[in-house]
Amino acid sequence: MHKRIFIFYYDGFKKMTWGRKLWGIILLKLFIMFAILRLFFFPDLLKRDFDSDEERASHVLDQMINP
Amino acid sequence: MIDSIDMSLVDWSRGQFALTAMFHWIFVPLTLGLSFIVAFMHTIYVRTGDEEWKRITKFWMKLFGINFAIGVATGIILEFEFGTNWSNYSWFVGDIFGAPLAIEGIFAFFLESTFIAVMFFGWNKVSKRFHLTASWLTAFGASLSAVWILVANAWMQHPVGTVFNPETARNEMINFWDVIFSEVAVNKFLHTIGSSFLLASIFVIGVSAWFLLRKREVLFAKRSTVIASVFGAIAAIGTIVTGDTSARIVAREQPMKFAAMEALYEGQTHAPLVAIGAMRTDTVSYPNPREEFIFKIEIPNALSYMVFLTPSGFIPGISDLVYGSEEHNFMSYGERIERGAVAIQTLKDLKMAKERGDQVSYDKLVEKFSDPIWIDQYYQHFGYGYYKGRDLKELIPNVKMNFYSFHVMVILGGHFLIFTMLVLWLSLKNRWGNHKWLLWVALITMPMPWIASQAGWVLAELGRQPWVVYELMPNITAVTRLKPVAVQITFWIFLVTFSLLFIAEVRIMIAQIKKGPGGE
């Protein structure tokens, strides 16, 4: 069963014609998004700057009451 | 209350989010609509065994694949922005967004991405029935993804089924069904799906018209047009009906947005609906008594009738909402600001009580946030409290943008209804394609649903400004305190990346269309 599924996908990708270009675009896009944008420009700030949910809650509360 | 916030940071952050969302929305409606049209065509092929239907299905499936590939994952950037640019908001709504987005990720995305492979690779490899099932499951998977995103957006427009926990500074879901079956969520889903079907139908009709104009693949083009016009006509009616319901919901739940989208400054009974109008270029959002239109054509009583089903219904104007009206039971923004400030002060007292270890005061203050009377009197005005000492005009959305986006959407919606009905009628009489000018109309109409769809979102999102979570969290509180230049850099990076992706989409799409259903 697993072999059949593998062959199904393997054959599908191997016989792709116009789809290759699309896969190229998808992979390039995912690389830009996760390896560049996410890593260098879009950190999850609350996760990065605080160790616990309690600290995060306290920070956001501060922002809400002392904006 | 908020004096230190750099408004350019808020504006750039909003601009960045709008750019990302609007770019994402170029692809999503075509994916949603085309997936069902392809599944329907595939069904006809499986039932009839007619090889021409197989060619038709494969061609539109190919265009669906291009659109899916270019558009896929562009929405993830929005989630990046939540964590970086809107971290306060992200924390505040965390639990509400967490559940729908997790469900979207686990079920819908995997359903869609698993079966899309079977849909494309399955020709002559799996049984016809299983292959067809994969096409339908791909379509349903796409719509299922949309459900959860739209539920999350609907909650921001109309927060229900949740309570605010002052200890964690988060909203917590108390009734999942209230969140997903709120009137706003259900109608938003139906309106969005309907308009996406309409968009995809007009896309198919337009591309088919191009083939007919060039007298290529006539049978393919005519059959595609029949299917698309049936879908389009039904979707046009559905979109108008749900749009009408949506207007009634907005009038009740977001009266400021409703007043702005009709540029109604002074409330009135027997309120007319502006069918077409041009506003003065120096229009301001702030209530003032002068005439704001250079010209307008009105339908008498229509606005009151649309909302209340009677012409005597009172539609509040911007002034009534800002200054309040005892007669019509609208609390002034001044009063709401005072009450909101009390709620914010309570939260402040609560934090101070915790810091000094005063457990008795702390427990009392926490209790307030679960007291329905206190919530009704103070907490429901929470967001207004941030505007104490600020100009009231900050609480009024951009009237001109709302007015034009609403009217562009409605006028185009009317055009789509007439157009799809006409195409359907001519197709059924086998006369579609006889008039060259109509084929040109189809081509010119092709980009219009994108304009209407984007206008709809502009209205939905700009109309509720300044609220990120309606009346609870304004954009000035939701935004992360970053340096504006950091947001500007990513804005321009996105603009360049998105433009390149869009050019790639259009070029690949045009190349494949030119090859036609026979080309590989």
Side-chain angles (χ1 to χ4, degrees), chain A, chain B residues 1-5 62 65-66 68-70 72-74 76-77 79-85 87-88 90-92 117-118 120-122 125-126 165-170 344-345 347-348 350-351 354 386 473 476-477 480-482 486 489-490 493-494 497 501 504-505 508 511-512 515 519-520:
Chain A
M1 181 67 178
H2 288 100
K3 196 179 170 189
R4 279 180 61 193
I5 292 172
F6 174 78
I7 290 170
F8 175 81
Y9 279 94
Y10 179 77
D11 257 14
F13 282 112
K14 202 175 152 192
K15 287 177 182 162
M16 266 193 316
T17 51
W18 53 273
R20 282 177 202 274
K21 196 186 280 180
L22 294 180
W23 269 104
I25 292 172
I26 291 173
L27 293 175
L28 179 68
K29 189 170 57 177
L30 290 176
F31 175 78
I32 292 171
M33 280 169 56
F34 287 98
I36 300 173
L37 291 175
R38 180 62 160 169
L39 220 55
F40 298 108
F41 294 98
F42 289 97
D44 187 329
L45 292 178
L46 292 178
K47 204 174 264 182
R48 187 193 69 183
D49 296 343
F50 302 97
D51 294 327
S52 66
D53 276 357
E54 203 175 330
E55 285 178 32
R56 290 177 195 116
S58 176
H59 168 75
V60 175
L61 264 180
D62 276 338
Q63 299 267 305
M64 287 174 71
I65 59 180
N66 301 306
Chain B
M1 198 165 212
I2 302 172
D3 299 321
S4 56
I5 186 89
K62 192 189 291 180
I66 294 166
F68 183 85
I70 308 276
V72 73
T74 50
I76 291 174
I77 298 172
E79 291 187 38
F80 292 174
E81 289 169 14
F82 286 147
T84 304
N85 302 87
S87 58
N88 295 336
S90 171
W91 182 263
F92 183 72
V118 179
F120 280 99
F121 299 156
K125 296 256 181 66
V126 294
N165 182 342
E167 296 178 278
T168 59
R170 299 190 106 167
I344 293 171
Q345 185 59 45
L347 198 59
K348 206 172 199 170
L350 183 144
K351 188 145 197 292
K354 188 180 183 184
Y386 293 108
M473 178 171 261
I476 48 179
T477 313
T480 310
R481 309 303 192 264
L482 300 169
I489 290 169
T490 46
I493 290 175
F494 284 159
T497 313
L501 276 174
E505 154 109 358
I508 298 170
Q512 290 302 326
K515 284 180 184 171
E520 267 309 307

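Just so it is clear, the values below take in all heavy atoms, side chains as well, and ignore hydrogens, waters and symmetry mates. Throughout, protein chains are lettered first and strands after them, A, B, ... in sequence-line order, and every chain is numbered starting at 1.
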Max heavy-atom pair count under 4.5 Å with chain A, selected residue of Leu482(B), Thr497(B), Ile70(B)
Ile70(B)
Under a 4.5 Å cutoff for heavy-atom pairs, which residue among Leu347(B), Ile489(B), Thr168(B) has the most contacts with chain A?
Leu347(B)
For atom [atom1] of [X], decide whether the heavy atoms of other residues, nucleotides or ligands shown that lie under 6.0 angstrom number more than 12.
{"X": "Tyr10(A)", "atom1": "OH", "value": "no"}
{"X": "Arg20(A)", "atom1": "CZ", "value": "yes"}
{"X": "Glu55(A)", "atom1": "CD", "value": "yes"}

Minimum heavy-atom distance Ala57(A)-Ala169(B), with the two atoms named
O-CB, 4.1 Å
Smallest heavy-atom separation, Gly12(A) atom then Lys125(B) atom, equals N-NZ, 4.4 Å
Under 4.5 Å from a heavy atom of chain A, the part of [X] involved:
{"X": "Phe120(B)", "answer": "side chain"}
{"X": "Asn165(B)", "answer": "neither"}
{"X": "Glu81(B)", "answer": "both"}
{"X": "Ser87(B)", "answer": "both"}

Atom [atom1] of [X] and atom [atom2] of [Y]: how far apart are they, to the nearest 0.5 Å?
{"X": "Leu45(A)", "Y": "Asn85(B)", "atom1": "CG", "atom2": "CG", "answer": "8.0 Å"}
{"X": "Ile493(B)", "Y": "Ile32(A)", "atom1": "CD1", "atom2": "CD1", "answer": "10.0 Å"}
{"X": "Lys21(A)", "Y": "Ile66(B)", "atom1": "NZ", "atom2": "CD1", "answer": "9.0 Å"}

Between Tyr9(A) (side chain only) and Phe121(B) (backbone N and O only), is there a donor and an acceptor less than 3.5 Å apart?
no
For Lys29(A) and Ala69(B), indicate whether the former's side chain and the latter's backbone hold a donor-acceptor pair under 3.5 Å.
yes
Does any part of the side chain of [Y], heavy atoms only, come nearer than 4.5 Å to the side chain of [X], both counted from C-beta?
{"X": "Gln63(A)", "Y": "Thr480(B)", "result": "no"}
{"X": "Ile344(B)", "Y": "Met64(A)", "result": "no"}
{"X": "Asp53(A)", "Y": "Trp91(B)", "result": "yes"}
{"X": "Leu22(A)", "Y": "Phe68(B)", "result": "no"}

Less than 4.5 Å to any heavy atom of chain B: does that hold for the side chain of Leu28(A), its backbone, both, or neither?
neither
Would you say the ring centers of Phe34(A) and Phe80(B) fall short of 6.0 Å from each other?
yes
Could you go step by step and tell me if Val60(A) and Arg170(B) meet the side chain to side chain contact (heavy atoms under 4.5 Å, CB included) rule?
CA-CA 9 Å; Val60(A) 175; Arg170(B) 299 190 106 167; over 6 Å; no
Select, from Ile25(A), Leu61(A), Asp44(A), the one with the greatest count of heavy-atom pairs under 4.5 Å involving chain B.
Leu61(A)
